[in-house]
Amino acid sequence: MNCQDISLAMDDRDIGASGEPERRDFDAHLATCPDCARDWEIHTRLAATPTPPLPADLLSRIRMSSPVPAKVGGRRTSSGLVIIGAVVVLAAAAAMLAVHSMRTPAPAAAPVAKLEAPAALPAPLPAPESIESVAIAAPVVARPEQPRATEEESPFVQPRPVVKLRTVRVLPLQNQATGTAFTAVETFFVAFLDDLRANHGLVVIAPDQAEPAATAPAERQLRVRGFGPLPEGKFKAEVSLEDLQSDGSYKLELVASPTGEIAAACADSPPFDTMESCRSPAHMAGAQVRFLLSGLLPPDPSLQRDPQARLLDQSLSTNSRLGALLELGNRRSEPRQYPRRH
Amino acid sequence: MPVTGTDQFDRLVAPHLATLFRVAWRLTRNTPDAQDLVQDTCITACEHPSELDAATQPLHWLLRVLNNRFIDGARRRKRSPLVAMDGSSGVVQLVSAEPNPEQLLHQADGERELQRAFLRLDQAQRTLLSLRAEGHDLAEIEVITGIGREVLRARLHRARRSLAAYLNEQTGAAAPTARAGSRS
């Protein structure tokens, strides 16, 4: 068994249910490979993490908050309750204000009242029912919140993400393709660079940059190699990600070798929601960048710009501006925050 | 013909409530948020009865909704409050074989460390590790998350390494090879 077998087993199988010989091989490899042993430990610890039992009242709470037969669910009901409660509270508050104003004569009218009708002062506290109604109505609105630990209360606060400048160097393209595949690889590389640069949370050192930027230290290094033509009019772009080590060298972290179509018939603008809908060089580049950014090269949040600014920035590519527009649209269509339903 | 209303809820959602809650708790690591997440998921299910009825695997559909709600909610809140792992969280009570107080203390410390490191992962990584910890294989996770198999493998690998690195940071162990992202 090698590291890849162990990784496959951890991702896809129940090791405990495997046979004795396989289990022995597995244990033997773990004894000799600290990295796999660490991964295995993580895997088993996560699987063994005890979870609390299903709260007994959750089902009834869900039924109360979401009237199941209704099409629109519980939000409107709960918001309706809140509105009714708010009206009751406002009415009660208005009644209390009225009582208060009747007990204390208005300053502007005071001299006239004193002169003309001193006996007509309002009776004290004429509406005790209103005060009772406040006391009754309040619990309907102010449902008890479950105790929640705040940052101040919690003994272990969720650590804030470490803000770090993400710098990645893109090495010159190694295009080993020929003919039309050569052009496709070139297109892929240009689009790849553009898409990387469009991310403002990432500092990209491109191969065409002059000194000293070209030799500045980078946290990661990307190497792109192109091959082709492959059968069925395809080409291959191999993207290697290398990680800076403590001794200054770079260590291979990931290799992705997607194949694309040299002359793919796709729409012009790359999709934002799927990686597989089109295999043209530009689409593949976009997919690769999204993949890298999603986990391996997460942009630095402190360097990310507001989508409004990105939308208006004409120096950005159409795709990144369209992405900003979509982001803005998503923000505006986010559902309103309703009170917690307990 | 799709069955709607209470029947549909009882038939397609209620049986999976415990699983949904477990996954939600693994994602959020606190009970109130997990309850909210399950509740939101159920409301979404009620809002889309035809989709739920058409799903070949209702659990996978529900988990997908739960995952999306979790990521959306995390984006909105930008942070996820934690609850102290006191007696009420149920962690200690679930430890089997009646460990002694020292073992309990050690175990609770270990759980806290793991929890703290886990919460440093991004939402996507948490989702993958939680689903895998719940025993879902790659094919199921692929259906739930809509992410391709190879990408899933890479992300799972990456998530484990990140978690290991965070744990190392916390325990103060100097382990340069366990740096997030380094490959063996």
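The sequence lines fix the lettering, A, B, ..., with proteins before strands; numbering per chain opens at 1. Because the structure is predicted, anything quoted here is derived from the model rather than measured.
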Open item on the list: For A:H29, give me all partners under side-chain hydrogen bond (donor to acceptor under 3.5 Å, both in side chains), at least two apart in sequence or on another chain.
Closed with: none
Task: B:F118 portion near chain A, given a 4.5 angstrom heavy-atom threshold - done: side chain
TODO: Of all the heavy-atom pairs spanning B:R26 and A:L46, show the shortest one and how long it is.
DONE: NH1-O, 2.8 Å
Open item on the list: When you compare the side chain of B:F9 with that of A:L59, does any pair of heavy atoms fall below 4.5 Å?
Closed with: yes
Open item on the list: Contact between A:S7 and B:R153 at the side-chain level, heavy atoms closer than 4.5 Å - yes or no?
Closed with: no
Task: Minimum side-chain heavy-atom gap B:R29-A:T49 below 4.5 Å - done: yes
TODO: Would you name the heavy atoms of A:P55 and B:T31 that are closest together and state the gap between them?
DONE: CG-CG2, 4.3 Å
Task: Distance, nearest 0.5 Å, that separates CG of B:L129 from NE2 of A:H43 - done: 10.0 Å
- [ ] Any chance you could lay out the side chain to side chain contact (heavy atoms under 4.5 Å, CB included) test for B:R161 and A:I42, step after step, and finish with the verdict?
- [x] CA-CA 9 Å; B:R161 287 298 162 93; A:I42 294 283; over 6 Å; no
TODO: Please report the shortest heavy-atom distance between B:R160 and A:D39, naming the atom on each side.
DONE: CD-O, 3.8 Å
Task: Audit row: A:R38, B:L167, side chain to side chain contact (heavy atoms under 4.5 Å, CB included) steps and yes/no - done: CA-CA 11 Å; A:R38 186 69 174 152; B:L167 277 170; 3.4 Å; yes
Task: Residues in residues 13-23 of chain B near chain A [non-hydrogen atoms, under 4.5 Å] - done: B:L17, B:A18, B:F21, B:R22
